[in-house]
Amino acid sequence: MKKAYIIGAGPAGLTAAYELLKQSSEYEVIVLEESDAMGGISKTVNYKGNRMDMGGHRFFSKVPEVNEWWNNMLPLQGSPTYDDIVLDRKMTLTPGGPDPEKVDKVMLRRHRVSRIYYNKKFFDYPISFKLETFTNLGLITDIQAGFSYIASVIHKRKENSLEDFYINRFGRKLYSIFFEYYTENLWGRHPREIAPDWGAQRAKGLSIAAIIKDVFGKILPGNKNRKVETSLIEEFSYPKLGPGQLWDVTAEEIQKLGGTILKNCKVTGFHKDENNHITSLTYETNGEQITVEGDVFISSMPIKDLVAGMNDVPKKPAEIAAGLPYRDYMTVGILLPKLNLKNKTKIKTINNIVPDCWVYVQDRSVKLGRFQIYNNWSPYMIKDLENTVWIGLEYFVTEGDEHWTMPDEQFTKFAVDEIVSMGLIDSPKDVMDSHVERVKKAYPAYFDTYKEIDTLVDYLKTIDNLYCVGRNGQHRYNNIDHSMMTSFETVKNIVNGVSSKDNIWSVNTEKEYHEGNSK
């Protein structure tokens with residue numbers, strides 16, 4: 001049999017492994033994963049029975065093939081009522097939290113609630129046209145925002161940067177309030193230094209016009225069949241035990257089909273012959289370097305590391321790959337008895353906590369970028385649902401900077417002090433427990449040598465038996481469904497003997513915006 005090596009057990013890597021095993025009997029499939037967990041950034045961390053979602057993952061796609069794939073792995077249970085959740089949770093409670101063996105392997109249908117924290121007030125995200133929005137902004141700001149938006153409609157800027165992209169869609173005033181600082185905090189660069197590509201991929205259809213269209217779409221006849229921009233969706237699917245549950249199930253299915261998954265195996269090198277054809281790769285495990293021969297190589301590892309580990313790479317592509325930037329991620333799980341946030345919605349929640357999945361922080365006085373309320377993603381994420389609130393404080397950092405290198409205890413104190421200053425809790429004494437997680441290369445960034453990435457992609461396409469898939473595999477801010485689609489296309493090409501890779505690299509570049517989840 002031919003050997004197919006797949007680097008990375010995230011959404012793209014596991015999808016490629018599963019699809020190749022299902023569609024072809026010619027390949028022995030081996031997945032090499034650097035960590036000991038499935039899912040990549042989509043993994044779920046279990047800390048003392050409380051589960052953390054690394055970044056927050058909504059399962060929603062406009063691609064039927066993706067939705068069908070998810071449903072085959074984890075059938076959709078539907079939208080459990082408040083009373084259903086309380087009863088079912090009592091049946092699955094154990095001293096360490098919900099027992100995975102007792103929890104059904106299904107998707108829940110969840111209501112999406114996200115808000116923005118700005119100027120000590122909360123705003124809907126995306127911005128809504130509720131009276132509360134205008135009141136919170138104040139009359140003068142409302143007038144400024146209105147004229148600013150009109151100006152942006154009359155005079156469109158040439159989109160040379162992400163700043164231009166946002167101003168064209170929201171006007172300068174709303175951009176400065178709701179996008180400028182958050183974007184700079186996220187990327188560590190001002191939006192005027194970032195290519196507009198990121199906005200084109202993540203928010204193609206989101207604008208004031210789209211929000212107005214959505215408002216009227218809800219009240220006009222035939223609203224059930226209306227097109228909805230992904231950032232405006234109100235419901236999404238979510239695995240009972242977090243996103244990692246989906247990828248754990250996928251890994252089990254891969255093994256049932258005869259595939260092999262090797263954990264704690266870090267790929268360090270690729271060896272090409274004189275025909276620019278990869279003949280083998282080297283990976284490190286338990287301090288040992290192992291080299292294996294293969295026929296096909298599907299990579300979801302960062303392009304920067306992929307190219308750095310190759311022999312005989314031309315100077316220009318090598319320089320571009322070496323200069324590709326990333327943004328890293330830290331989150332602090334905080335266990336609390338309560339949050340100082342009042343539930344002013346009509347959504348019924350256990351203990352009447354606010355129903356937000358996550359809240360974007362636009363407060364320039366803190367470093368915190370966003371916080372999640374895990375209770376609201378799934379009630380099965382929490383060990384003691386009725387007596388505790390489990391939140392994740394998210395920070396966008398760069399590996400090696402002052403925050404990344406802080407000891408966990410010091411960083412936790414820093415984060416807790418910030419939410420005290422924001423009024424989310426009264427005192428550091430409210431914290432019952434905490435846990436810190438770090439994720440390297442969480443977000444491929446759109447500056448520095450990224451502007452020359454087409455040259456690098458053209459080179460990678462010349463390596464006949466190498467296929468780059470997923471977010472880091474293509475250095476593209478793909479969502480789960482986009483990442484999976486790159487693997488669908490890759491397997492189709494392999495099975496059908498298609499040499500061109502244009503279809504793989506064209507995923508998420510079309511005008512119609514398809515989004516599976518948002519972060």
Side-chain angles (χ1 to χ4, degrees), residues 8-11 33-58 96-98 100 185-186 188 238-239 241-248 263-264 266 300-302 326-336 357-361 366-378 380-383 388-419 424 428 431-444 471-472 480 517-519:
E33 167 56 36
E34 181 178 356
S35 72
D36 61 358
M38 298 295 100
I41 194 176
S42 298
K43 68 181 179 180
T44 301
V45 174
N46 186 348
Y47 176 71
K48 298 181 181 180
N50 291 305
R51 290 172 167 80
M52 302 169 67
D53 182 345
M54 296 292 97
H57 293 81
R58 298 189 325 234
N185 192 17
L186 170 59
Y238 195 76
L241 292 177
Q245 184 180 27
L246 172 67
W247 305 114
D248 288 338
K263 301 177 182 178
N264 299 307
K266 180 180 181 179
S300 66
M301 68 187 291
Y326 300 82
R327 196 66 163 151
D328 307 293
Y329 167 90
M330 292 178 69
T331 188
V332 187
I334 301 291
L335 189 65
L336 301 163
C357 300
W358 61 50
V359 175
Y360 298 93
V361 178
V366 297
K367 175 73 174 174
L368 178 64
R370 191 176 62 186
F371 64 89
Q372 295 188 60
I373 304 176
Y374 297 119
N375 302 54
N376 296 328
W377 285 98
S378 167
Y380 300 86
M381 301 277 279
I382 315 303
K383 178 180 178 180
T388 61
V389 180
W390 178 232
I391 66 174
L393 309 179
E394 301 183 357
Y395 289 84
F396 310 114
V397 299
T398 299
E399 183 182 355
D401 70 14
E402 61 172 328
H403 295 103
W404 181 271
T405 55
M406 274 187 188
D408 288 357
E409 183 177 346
Q410 183 181 349
F411 189 76
T412 299
K413 181 182 183 305
F414 168 78
V416 170
D417 286 344
E418 289 206 330
I419 61 173
L424 301 189
V431 177
M432 302 164 66
D433 203 352
S434 63
H435 178 69
V436 177
E437 285 284 328
R438 293 171 175 81
V439 179
K440 296 179 181 179
K441 294 183 172 66
Y443 307 111
R471 175 180 286 194
N472 277 329
I480 291 177
N517 66 79
S518 180
K519 301 201 261 181

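None of these values were measured; they are calculated from a predicted model.
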Quick one: pull up [atom1] in [X] and [atom2] in [Y] and give me the separation to the nearest 0.5 Å.
{"X": "F396", "Y": "H403", "atom1": "CZ", "atom2": "NE2", "result": "13.5 Å"}
{"X": "S35", "Y": "N264", "atom1": "OG", "atom2": "CG", "result": "7.0 Å"}
{"X": "R58", "Y": "I480", "atom1": "CZ", "atom2": "CD1", "result": "10.5 Å"}
{"X": "N185", "Y": "L368", "atom1": "CG", "atom2": "CG", "result": "8.0 Å"}
{"X": "N50", "Y": "S434", "atom1": "CG", "atom2": "OG", "result": "11.5 Å"}
{"X": "L336", "Y": "I391", "atom1": "CG", "atom2": "CD1", "result": "5.0 Å"}

Mutual orientation of the aromatic rings belonging to W377 and W358 [parallel < 30°, tilted 30-60°, perpendicular > 60°]: tilted
Parallel, tilted or perpendicular for Y329 and Y443, by the 30°/60° rule? perpendicular
Mind checking side chain to side chain contact (heavy atoms under 4.5 Å, CB included) for [X] and listing every partner two or more places apart, or none if nothing turns up?
{"X": "E437", "value": "K43, V45, M52, M54, T331, H435"}
{"X": "M301", "value": "I7, V267, F270, S299, D305, L306"}
{"X": "T405", "value": "none"}

At their closest point, which heavy atom of [X] faces which heavy atom of [Y], and how far apart are they?
{"X": "A9", "Y": "E33", "answer": "N-OE1, 2.7 Å"}
{"X": "T44", "Y": "R51", "answer": "CG2-CB, 3.7 Å"}
{"X": "S300", "Y": "N472", "answer": "O-CB, 3.8 Å"}
{"X": "P11", "Y": "G39", "answer": "CD-O, 3.4 Å"}
{"X": "D328", "Y": "W404", "answer": "CB-CZ3, 3.7 Å"}

All salt bridge (Lys or Arg N to Asp or Glu O under 4.0 Å) counterparts of [X], not counting sequence neighbours:
{"X": "E394", "value": "R370"}
{"X": "K440", "value": "E399"}
{"X": "K367", "value": "none"}

Can you list everything that forms a side-chain hydrogen bond (donor to acceptor under 3.5 Å, both in side chains) with [X]? Sequence neighbours excluded, please.
{"X": "K413", "answer": "D417"}
{"X": "D53", "answer": "H57, Y238"}
{"X": "E418", "answer": "Y395"}

Chi angles and distances behind the side chain to side chain contact (heavy atoms under 4.5 Å, CB included) call for T412, I334: CA-CA 9 Å; T412 299; I334 301 291; 4.2 Å; yes
Stepwise side chain to side chain contact (heavy atoms under 4.5 Å, CB included) test for L424 and F371: CA-CA 11 Å; L424 301 189; F371 64 89; 3.7 Å; yes
Could you list the residues that satisfy ring pair (Phe, Tyr, Trp, His ring centres under 6.0 Å) with Y326, not counting sequence neighbours? H475
Quick check: does any side chain N or O of Q245 sit under 3.5 Å from a backbone N or O of L241, one acting as donor and the other as acceptor? yes
Is a donor on one side and an acceptor on the other found under 3.5 Å between the side chain of D433 and the backbone of G333? no
Sort and list the pairs that fulfil salt bridge (Lys or Arg N to Asp or Glu O under 4.0 Å) and have at least one residue in residues 400-410, not counting sequence neighbours. D408-R438
